[in-house]
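Order of appearance sets the numbers: ligands from 1, and atoms from 1 within every ligand. FYI, side chains are in, hydrogens and waters are out, and symmetry mates aren't considered; it's all heavy atoms of this structure.
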Amino acid sequence: MEFFPIFLKLRQQPCLLVGGGEVALRKARLLLAAGAALTVAAPELAPELAEMAERGELKHLGARYAAEQLAGMRLAVAATDDAAVNRQVAADAEARGILVNVVDDAEASRYISPAVIDRSPLMVAVASGGSVPVMARQVRARLESLIPAGYGRLARFGSMFRDAVKARFPDVDSRRRFWETVLEGPLADMVMNGDEAAARTEMEKRIAAGAEAPRGAVYLVGAGPGNPDLLTFRALRLMQQADVVLYDKLVAPELLELVRRDAERVYVGKARANHALPQDDINQLMVTLAKQGKRVLRLKGGDPFTFGRGGEEIATLAEQSIPFEVVPGITSASGAAAYAGIPLTHRDYAQSVTFVTGHKQDGSIDLDWQALTRPQQTVVVYMGVSTAAELCQAFVEHGRGADTPAAAVEWATTERQRTVCGTLSSLPGLMASHGIASPALIIVGEVVELADKLAWFRRSENSAVTIRED
Ligand code: SAH
């Protein structure tokens with residue numbers, strides 16, 4: 001271990017920063033965030049540093065560096081662009097027993113600054129001994145995605161109850177178990193979502209009862225259109241904490257691989273005419289599992305509140321007072337649009353976009369055709385593969401030109417993505433001849449023409465052919 005990691009209490013401690021440029025500015029921000037009493041020695045200051053000095057956040061010495069400036073300092077940072085000056089600062093600080101850091105010069109430094117994830121009071125610091133700082137920054141970026149933004153709030157919340165919990169659970173093991181149920185369960189979600197008052201009441205109740213917090217909760221999570229890179233951080237974190245996952249056909253296998261390995265997986269899929277589990281049974285199953293104390297992940301393709309029956313699924317939970325959370329996902333229309341190069345709105349071609357379902361209710365497609373056939377708009381049809389011919393015909397019958405551009409995007413955003421482009425009159429035939437099957441979206445409107453120019457995804461691969469009629 002070449003560097004010994006410590007966290008330093010700098011509040012109101014005199015610190016000297018030598019240098020007034022951009023690098024110094026970054027250092028100044030960090031030192032001020034830690035509450036240091038900061039003096040900056042530099043003949044000239046970058047504009048932002050000058051503003052900080054004007055606001056009285058730091059003291060500016062408008063002189064060149066001189067060793068006397070170190071008098072009384074606890075810590076020094078050399079951040080000028082002159083290596084000789086920096087080394088002089090280091091030597092002078094060393095001679096006075098002052099901790100010193102030279103920017104980009106680990107050898108001359110007594111201490112180095114790590115890459116930091118700040119969820120105060122929780123701090124994570126990553127360092128590479130100054131040798132490969134980029135690597136430390138990359139590790140930090142990965143950790144950032146794993147540690148929720150609300151974690152600091154949770155840490156502060158926890159610290160308020162430290163003594164009370166210790167008194168109620170004198171035994172180390174039971175105390176650890178108690179904290180685990182608190183920090184991973186719905187109580188923690190309450191804190192991180194900002195409902196601290198409710199969390200406090202609940203926490204006091206738990207401590208008084210000497211009982212572990214219940215962990216059972218349901219997370220209705222949008223998994224996006226299929227490409228794992230398009231998950232949200234929140235979705236990924238919940239996938240890694242789940243005890244049980246309920247999923248259906250739209251959730252790509254690549255996504256399921258990201259769910260915690262020992263989580264139980266339950267397929268509740270609904271192929272269109274082949275209901276594997278009726279909706280009521282799914283609702284009831286979620287209630288039962290949550291009541292058993294399980295963290296239930298209800299994983300949905302796309303966004304749970306866009307043609308996902310998400311509203312119905314959580315209504316039962318709300319009635320039974322089961323804690324639940326809804327996590328939005330990228331809906332397939334957004335995914336398909338981006339990955340097929342078809343902007344849904346465009347200043348010249350479409351001022352609005354409408355999402356509809358092509359699914360038949362009682363044997364007919366019941367849509368507001370008058371509204372849908374107005375010009376200058378894009379219509380995206382979900383669940384419309386099997387009714388594509390009827391749909392396209394209805395568009396024409398109700399007044400959109402037969403030559404209006406129309407496309408179908410199958411398995412959007414995934415390696416299997418295929419796009420076929422044509423017109424309202426040619427699209428059904430193209431879909432049939434290319435065997436376009438569910439899941440696919442139909443996009444109707446002038447914006448479809450832009451795909452020629454804007455498609456970028458897997459352009460060079462045959463698997464993502466864009467087919468146009470001649
Ligand atoms: N909640 C989902 C939609 C569920 S309805 C969402 O927000 O995307 C199911 C329909 O979504 C499918 O019939 C298909 O039209 C569309 N769909 C879902 N994933 C898709 C994908 N990767 N590519 C194309 N269409 C998709």
Colleague: Say whether Thr423 and Ser426, considering side chains only, have a donor N or O and an acceptor N or O under 3.5 Å apart.
Modeller: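 The answer is yes; a qualifying pair exists.
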
Colleague: Which residue holds the protein heavy atom closest to atom 4 (C) of ligand 1, what is that atom called, and what is the gap in Å?
Modeller: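 Among all protein heavy atoms, the one nearest atom 4 (C) of ligand 1 is Phe307 O, 3.2 Å.
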
Colleague: What do you reckon, does Ala440 put a non-hydrogen atom under 4.0 Å from ligand 1?
Modeller: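 True for this residue.
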
Colleague: Is the shortest distance from a Lys or Arg side-chain nitrogen in Glu313 or Lys300 to a carboxylate oxygen in the other one below 4.0 Å?
Modeller: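 Yes.
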
Colleague: Going by the atom numbers of ligand 1, which of them fall below 4.0 Å from some non-hydrogen atom of Thr306?
Modeller: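 So the answer, numbered in order with elements, is 1 (N), 2 (C), 3 (C), 6 (C), 7 (O).
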
Colleague: Look at the rings of Trp369 and Phe395 and say which category their plane angle falls in: under 30° parallel, 30 to 60° tilted, over 60° perpendicular.
Modeller: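 Geometry flag for Phe395 against Trp369: perpendicular rings.
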
Colleague: Among all the protein's non-hydrogen atoms, which is closest to atom 11 (O) of ligand 1, and how far away is it?
Modeller: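 Scanning the protein heavy atoms, the shortest distance from atom 11 (O) of ligand 1 goes to Tyr382 CD2, 3.5 Å.
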
Colleague: State if Leu250 counts as touching ligand 1 under the rule of any non-hydrogen atom under 4.0 Å.
Modeller: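 Leu250 counts as a contact of ligand 1 under the 4.0 Å cut-off.
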
Colleague: Which residue and non-hydrogen atom of the protein lie closest to atom 24 (C) of ligand 1, and at what distance in Å?
Modeller: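 Result: Val409 O, 3.4 Å.
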
Colleague: What's the shortest distance from atom 22 (N) of ligand 1 to any protein heavy atom, and which residue and atom give it?
Modeller: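 Its nearest protein heavy-atom neighbour is Pro225 O, 2.9 Å.
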
Colleague: Tell me, which protein residue and heavy-atom name are nearest atom 21 (C) of ligand 1, and how many Å apart are they?
Modeller: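 The closest heavy atom on the protein side is Ala412 N, 3.5 Å.
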
Colleague: Identify, for atom 7 (O) of ligand 1, the protein heavy atom at the shortest distance, and state residue, atom and that distance.
Modeller: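 Result for atom 7 (O) of ligand 1: Thr331 OG1, 2.6 Å.
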
Colleague: Would you tell me whether Ser386 and Lys360 have side-chain atoms, one donor and one acceptor, within less than 3.5 Å of each other?
Modeller: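 No, because no side-chain N or O of Ser386 sits under 3.5 Å from a partner of the opposite role on Lys360.
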
Colleague: What's the shortest distance from atom 10 (C) of ligand 1 to any protein heavy atom, and which residue and atom give it?
Modeller: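 Protein heavy atom at minimum distance: Met383 CG, 3.7 Å.
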
Colleague: For atom 20 (C) of ligand 1, which of Gly222, Gly308, Ser332, Ala336 has the closest heavy atom?
Modeller: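 The residue whose heavy atom sits nearest atom 20 (C) of ligand 1 is Ser332.
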
Colleague: What I'd like to find out is whether the side chain of Arg206 reaches to under 4.5 Å of the side chain of Phe178, using heavy atoms alone.
Modeller: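 They are in contact (side-chain heavy atoms under 4.5 Å apart), so the answer is yes.
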
Colleague: When you look for heavy atoms under 4.0 Å from ligand 1, do you find them on the side chain of Val385, its backbone, both, or neither?
Modeller: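 Neither part.
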
Colleague: Report the nearest protein non-hydrogen atom to atom 2 (C) of ligand 1: residue, atom name, distance rounded to 0.1 Å.
Modeller: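 Of every protein heavy atom, Gly301 O, 3.2 Å lies nearest to atom 2 (C) of ligand 1.
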
Colleague: Going by the order shown, which atoms of ligand 1 are within less than 4.0 Å of some heavy atom of Trp411?
Modeller: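 In order of numbering, the contacting atoms are 22 (N), 23 (N), 24 (C).
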
